[in-house]
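Working notes, structure below.
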Amino acid sequence: MEQTPLDEACDRALAIVGKVIAGVTHEVKNKLAILQEQGCFMGDLARKPAQGGTLDPEKIDRLAGMLVQRVKEADGIIKRLNAFAHSTDRPRGCMEAREALNLMMEMYRRPADMKMVKLLAESREKSINIETRPLFLLAALFSCLEAAVTCASQGGEVRIGVVDEGTRVRFDFRWEGNEEPDLSFNPEVLAVLEGRLGALNPGGGFSLTVPTRSRCGAPGENI
């Protein structure tokens, strides 16, 4: 059976869901490895008196604090994944623009860190609500972050701003580096969002613009 434009957009969005889950599970696995190592060390300390040594309460207290911190970090990672997963609760819904952006910045933090690129959200304005397909909006933001970090210089920054244009909201992505992005990515997802990508001048970079109240459909879809 021939795929509809919405089917193709769903395929693209699911591919991004896979990337997000893979990245998060890597982060959680790293936290678990650290917890295991520190837990083994605490066990060694606890066994010292039985082996003729002395118990060091300060060292155990310090190690316990480190364990609690790692658990908090892992909990934060899982909470963000949970928020991302709930974007599929309803095909259509309302998202606050900066909350959506901040969520995906956290989701893309690990790939950015691997390139030593800092992700920076620029000054916050008033709340901007977007009535859209939440999963597709998050997928589009993830792709934009991926494109911007790919173009950014190693050790540089990607700065993201959110601009209220009334009936539309614009996400601006700027970075330090001379490489220009290919703005042909994810056309299927953009079609569902009624969004568009465009170059930013002067200064370079690109923008993602989406309506604050979209039709929430795809070409040929009955809505």
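Because the structure is predicted, anything quoted here is derived from the model rather than measured.
A heavy-atom distance below 4.5 Å is found between the side chains of R168 and R196. Side-chain atoms of R80 and M107, non-hydrogen and from C-beta on, do get closer than 4.5 Å to each other.
A donor-acceptor pair is defined here as one N or O able to donate and one able to accept, closer than 3.5 Å; such a pair exists between the side chain of D7 and the backbone of T4. Within the 3.5 Å criterion, the main-chain N or O of R90 finds no donor-acceptor partner in the side chain of R133. Although no hydrogens or angles enter the test, the distance criterion places no donor-acceptor pair under 3.5 Å between the side chain of R213 and the main chain of T167.
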Check: Taking it one step at a time, do L200 and R174 satisfy side-chain contact (heavy atoms from CB on, under 4.5 Å)?
Finding: CA-CA 8 Å; L200 286 175; R174 302 180 188 274; 3.8 Å; yes

Notebook entry, point to check: Can you check side-chain contact (heavy atoms from CB on, under 4.5 Å) on L190 and V210, steps first, answer last?
Noted result: CA-CA 8 Å; L190 289 174; V210 297; 5.7 Å; no

Note to self: Show, in sequence, the C-alpha distance, side-chain angles and deciding distance for T132 and T212, and conclude whether the side-chain contact (heavy atoms from CB on, under 4.5 Å) test is met.
What the structure shows: CA-CA 8 Å; T132 187; T212 52; over 6 Å; no

Note to self: Please determine whether side-chain contact (heavy atoms from CB on, under 4.5 Å) holds for the pair D164 and V169, giving the CA-CA distance in whole Å, both sets of side-chain angles, and the decisive distance to 0.1 Å.
What the structure shows: CA-CA 5 Å; D164 186 353; V169 58; 5.8 Å; no

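Closest approach of L183 and A199 over heavy atoms only: CD1-N, 3.9 Å. Contact record, A13 with V189: N-CG2, 4.4 Å, taken as the closest heavy-atom pair. In terms of heavy-atom proximity, G39 sits nearest to L67 at N-CD2, 4.1 Å. For the residue pair P134 and S87, the shortest heavy atom distance occurs at CB-O, 3.6 Å. Of all heavy-atom pairs between F173 and C144, the closest is CZ-CB, 3.4 Å. Smallest separation of non-hydrogen atoms from A139 and I16: O-CD1, 3.4 Å.
With rounding to the nearest 0.5 angstrom, the CG atom of L137 is 7.5 Å from the CG atom of L208. K79 contributes atom NZ, which lies 10.0 Å from atom CG of N82 (distance to the nearest 0.5 angstrom). In this structure, CD1 on I130 lies 11.0 Å from CD on E99, to the nearest 0.5 angstrom. Between atom CE of residue M95 and atom CG of residue L141 there is a gap of 8.5 Å, rounded to the nearest 0.5 Å. Taken from CG in L103 to CZ in R98, the straight-line distance is 15.5 Å, to the nearest 0.5 Å. Within the model, atoms CD1 of I34 and CD of Q69 stand 11.0 Å from one another, a figure rounded to the nearest 0.5 Å.
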Let me have the donor-acceptor pairs involving side chains of residues 52-60, under 3.5 Å, with sequence neighbours excluded, atom names and distances please.
unit_1	atom_1	unit_2	atom_2	d
D56	OD1	E58	N	3.2
D56	OD1	K59	N	3.2

Report all side-chain donor-acceptor pairs from residues 145-160 shorter than 3.5 Å, counting only partners two or more places apart or in another chain.
unit_1	atom_1	unit_2	atom_2	d
E146	OE1	K19	NZ	3.4
E146	OE2	K19	NZ	2.8
T150	OG1	E146	O	2.7
S153	OG	E176	O	2.9

Please table the atom pairs, donor to acceptor, closer than 3.5 Å between any side-chain atom in residues 42-50 and protein atoms at least two apart or in another chain.
unit_1	atom_1	unit_2	atom_2	d
D44	OD1	R47	NH2	2.6

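Counting heavy atoms of neighbouring residues, nucleotides and ligands inside a 6.0 Å radius, atom NZ of K115 exceeds 12 of them. In this structure, E37 places its CD atom where only 12 or fewer heavy-atom neighbours from other residues, nucleotides or ligands lie under 6.0 Å away.
Screening residues 100-121 for ring-ring contact (aromatic ring centres under 6.0 Å, His included), with sequence neighbours left out, gives Y108-F142. Applying the ring-ring contact (aromatic ring centres under 6.0 Å, His included) test to residues at least two apart or on different chains, none of the pairs has a partner in residues 16-50.
Considering only residues two or more places apart in sequence or on other chains, K118 meets the salt bridge (Lys or Arg N to Asp or Glu O under 4.0 Å) condition with none of them. For N129, the side chain to side chain contact (heavy atoms under 4.5 Å, CB included) criterion is met by C94, E96, S127, not counting sequence neighbours. Residues satisfying the side chain to side chain contact (heavy atoms under 4.5 Å, CB included) criterion with A9, sequence neighbours excluded, are F136, E188, V192. For V28, the side chain to side chain contact (heavy atoms under 4.5 Å, CB included) partners at least two apart in sequence or on another chain are V24, L32, I77, I78. With sequence neighbours excluded, no residue forms a ring-ring contact (aromatic ring centres under 6.0 Å, His included) with F171. Q38 is linked by a side chain to side chain donor-acceptor pair (under 3.5 Å) to nothing, counting only residues two or more places apart in sequence or in another chain. By the ring-ring contact (aromatic ring centres under 6.0 Å, His included) test, F84 is found to be paired with no residue, residues two or more places apart in sequence or in another chain being considered.
Salt bridge status for D172 with R170: present, with a side-chain N to carboxylate O gap under 4.0 Å. Taking the charged nitrogens against the carboxylate oxygens, R110 and E27 have no contact shorter than 4.0 Å, which rules out a salt bridge.
Linking ILVMFWY side-chain heavy atoms closer than 4.5 Å, directly or via other members, places L120 and W175 in two distinct hydrophobic clusters. One hydrophobic cluster, built from ILVMFWY side chains closer than 4.5 Å, cannot hold both L14 and L6; they sit in different ones.
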